[in-house]
Amino acid sequence: YFLLSTFYFLLFTFYFLLSTFYFLLFTFYFLLFPFSFYLGSFLKKPVTFKTKCSQIVMVGLFKENTRIAIDSIRSQALRTFLTVFIIVIGITFLVGILTLTKALENNLFGNFASMGANTFSISQYDFSEQINQNDGEQKVNPIISYPQAKSFKDKFEFPLTATSLSFTASANAEVKFDNKKTDPEITILGSDENFIPNNGFELSAGRNFNSFDVDNNNYVCVLGANFKDGLFEGVNPIDKTISVRGAKFKVIGILKEKGATFGNNQDLRVIIPIQIARSIFSQPNINYDIDVKVTNKQLLDEAVDNATLAMRRVRKLNPIEKENFGISRSDDLIQRLGENIAVINIAAIAIGAITIFGSTIALMNIMLVSVSERTREIGIRKALGAKRGTIAWQFFTETFIISQIGGIIGIILGLLLGSLIASVAGFEFITPWLAIMIAFGTTFVVTIISGLYPAIKASKLDPVEALRYE
């Protein structure tokens with residue numbers, strides 16, 4: 001939290017420095033004053049005493065108008081607060097949603113990308129189609145039983161492929177080691193020797209199953225990363241023995257950390273040989289998953305076609321029947337998820353734009369009211385020699401300050417909201433630089449749209465008519 005607070009402070013400083021660009025834009029010429037003599041000599045246009053005086057007067061007017069603008073904002077505290085509040089709502093919603101979708105995108109894409117672009121899975125349903133399913137009608141497919149999964153593995157003999165079978169034996173198991181035990185929240189997976197490489201898992205210590213372990217039903221297991229700092233805190237887990245439902249398993253490997261997705265912690269899992277899992281966790285209607293990895297990516301399409309035909313034969317489907325199973329390619333899932341997240345981003349931007357449009361109207365309204373209330377003041381300033389540009393700059397500065405206050409608060413609250421939701425959902429927080437830049441640009445657009453017309457209106461007031469205004 002200290003690092004996160006430091007980051008937000010640095011972000012606020014960054015935003016403030018960018019806002020000063022507006023100030024530098026009007027004082028840039030004056031800052032080049034020491035070099036103006038040389039520049040004038042080069043251009044054959046010498047700097048006169050009158051030019052120097054006008055530069056000094058310009059900066060003085062800038063400071064005076066800025067002071068008057070700030071005093072005016074203070075005198076209309078309630079009205080300014082309501083306007084800033086509306087801007088904050090729009091910016092907070094925009095930045096918050098974009099922060100959350102960025103975290104969701106990186107989390108999901110990271111999980112699916114770890115599978116590789118040359119893998120596909122066969123399951124009861126096609127997950128990639130369910131993502132885009134809008135109708136309420138859903139086809140019910142039969143489960144993939146162990147005989148069907150084993151039959152597919154035997155019949156599918158496509159070259160340069162490795163097939164793995166797996167199933168979730170339990171999602172709330174308890175694991176014991178010596179006199180310690182875990183909460184009943186451990187996922188037990190039964191699999192073969194190809195499951196870990198086919199699903200993009202990596203080992204941080206030890207080894208994976210081999211065919212000898214699976215064929216001979218050895219009581220060995222591979223643990224998730226959380227066991228190293230939990231059940232085996234301060235102890236090397238390799239070659240230690242754990243107990244699951246009374247069965248003793250020797251730890252031969254530890255997986256690298258994968259994190260959690262939608263509350264599903266992938267580091268709280270125990271992987272054991274599939275036949276042992278079937279004997280310990282014997283429940284009816286177990287659904288099996290089939291994962292296939294193709295060594296040569298160029299053969300992926302042909303491998304998917306062959307797998308479809310093999311699974312149709314296993315399911316005993318006739319030629320006119322549709323598949324009652326799903327084949328999901330990792331690259332298709334990534335593409336479909338990207339399309340859906342893009343739609344969420346567009347919706348967030350559209351809703352945020354509507355809110356910001358309302359704040360733009362509110363800000364323009366407060367500035368028009370301010371022009372009407374200060375008509376006599378404008379007349380006095382013009383009678384004393386104030387130019388149209390000076391009057392316009394004063395009101396434009398007020399608009400700029402109000403919009404920047406709303407933008408800064410909105411960005412900070414949006415980041416806090418997005419990071420909070422991402423933390424609760426178990427996503428890794430990603431700094432949404434694009435959202436920050438969009439919010440920053442939006443505040444300038446709001447300033448220009450809301451401040452231009454009231455500023456021009458104020459500058460065009462006739463001084464005689466303005467002095468008569470009551």
Side-chain angles (χ1 to χ4, degrees), residues 108 111-112 115-171 189-195 197-200 214 261-262 264 274-275 277-278 281-340 343:
L108 293 180
N111 289 336
F112 285 110
M115 296 171 56
N118 56 339
T119 62
F120 63 91
S121 62
I122 302 177
S123 54
Q124 184 178 7
Y125 295 102
D126 188 347
F127 177 69
S128 62
E129 289 183 357
Q130 287 183 326
I131 293 176
N132 288 336
Q133 186 173 9
N134 295 321
D135 55 4
E137 183 179 351
Q138 182 178 348
K139 182 181 177 181
V140 179
N141 293 339
I143 64 170
I144 299 178
S145 63
Y146 180 75
Q148 290 178 346
K150 189 68 170 62
S151 176
F152 172 84
K153 187 174 182 179
D154 295 337
K155 292 180 179 180
F156 183 67
E157 298 179 346
F158 193 82
L160 301 177
T161 60
T163 305
S164 70
L165 308 181
S166 63
F167 76 100
T168 301
S170 175
L189 295 175
S191 71
D192 55 21
E193 69 276 12
N194 294 324
F195 173 79
N198 282 13
N199 285 271
V214 177
T261 304
F262 296 110
N264 179 26
I274 188 168
Q275 291 295 348
R278 295 183 66 227
F281 300 90
S282 56
Q283 62 248 25
N285 299 323
I286 296 177
N287 185 44
Y288 289 79
D289 293 318
I290 305 170
D291 299 296
V292 181
K293 184 174 184 178
V294 185
T295 305
N296 188 346
K297 185 179 178 180
Q298 305 298 325
L299 300 176
L300 181 59
D301 292 336
E302 188 176 352
V304 171
D305 293 339
N306 276 264
T308 303
L309 293 176
M311 195 62 189
R312 288 182 63 88
R313 290 197 299 269
V314 169
R315 291 281 204 175
K316 298 179 180 180
L317 299 176
N318 61 52
I320 62 173
E321 286 183 296
K322 292 184 178 181
E323 287 85 5
N324 58 0
F325 55 90
I327 294 186
S328 304
R329 294 172 48 163
S330 57
D331 52 356
D332 286 343
L333 290 173
I334 293 174
Q335 180 180 357
R336 289 176 184 268
L337 284 171
E339 292 173 353
N340 283 273
V343 172

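Here, residue 1 is the first one in the sequence, and each next residue gets the next number.
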Keeping [X] on the side-chain end and [Y] on the backbone end, is there a donor-acceptor pair under 3.5 Å?
X      : Y      : result
Ser151 : Val314 : no
Asp289 : Ser166 : no
Asn198 : Ala162 : yes
Asn141 : Gln124 : yes
Asn194 : Thr163 : yes

- Derivation of the side-chain contact (heavy atoms from CB on, under 4.5 Å) call for Tyr288 and Ile274: CA-CA 10 Å; Tyr288 289 79; Ile274 188 168; 4.0 Å; yes

Are Arg315 and Phe325 in a cation-pi setup, meaning NZ or CZ lies under 6.0 angstrom from the ring centre and within 45 degrees of the ring axis?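 Checked: cation-pi criterion not met.
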
Exercise for the section: Taking side-chain contact (heavy atoms from CB on, under 4.5 Å) as the test, write out the residues that go with Gln283, two or more places apart. Expected result: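 Only Phe281, Ile286 meet the side-chain contact (heavy atoms from CB on, under 4.5 Å) criterion with Gln283.
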
| message | Could you tell me if the side chain of Ile290 sits less than 4.5 Å from the side chain of Leu165, heavy atoms only? | response |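 In short, these two side chains touch, coming nearer than 4.5 Å.
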
Output side-chain donor-acceptor pairs under 3.5 Å for residues 303-313, partner residues at least two apart or in another chain, one line each.
residue	atom	partner	partner atom	Å
Asn306	ND2	Glu302	O	2.8
Thr308	OG1	Val304	O	2.8
Arg312	NH1	Glu321	O	2.9
Arg312	NH1	Glu323	OE2	3.4
Arg312	NH2	Asn318	O	2.6
Arg312	NH2	Glu321	O	2.9

Measure the spacing between OH of Tyr125 and CG of Asn324 and express it to the nearest 0.5 Å.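 Tyr125 atom OH to Asn324 atom CG measures 10.0 Å (nearest 0.5 Å).
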
As an exercise, state the distance from CG of Leu189 to CG of Asn199, rounded to the nearest 0.5 Å.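 CG of Asn199 is found 9.0 Å from CG of Leu189.
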
_Mutual orientation of the aromatic rings belonging to Phe120 and Phe156 [parallel < 30°, tilted 30-60°, perpendicular > 60°]_ =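 Perpendicular.
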
Q) Checking side-chain contact (heavy atoms from CB on, under 4.5 Å) for the pair Val292/Phe158: CA distance, chi angles, key distance, verdict? A) CA-CA 10 Å; Val292 181; Phe158 193 82; over 6 Å; no

- Message: Evaluate Asp291 against Thr119 for side-chain contact (heavy atoms from CB on, under 4.5 Å), listing each step before the verdict.
- Response: CA-CA 7 Å; Asp291 299 296; Thr119 62; over 6 Å; no

Where is the tightest heavy-atom contact between Leu299 and Leu160, given as atom of each residue plus distance?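 Between these two residues, the closest heavy atoms are CD1-CD1, 3.9 Å.
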
ask   = Partners of Lys155 by salt bridge (Lys or Arg N to Asp or Glu O under 4.0 Å), sequence neighbours excluded?
value =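 Per chain and number, Lys155 pairs via salt bridge (Lys or Arg N to Asp or Glu O under 4.0 Å) with no residue.
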
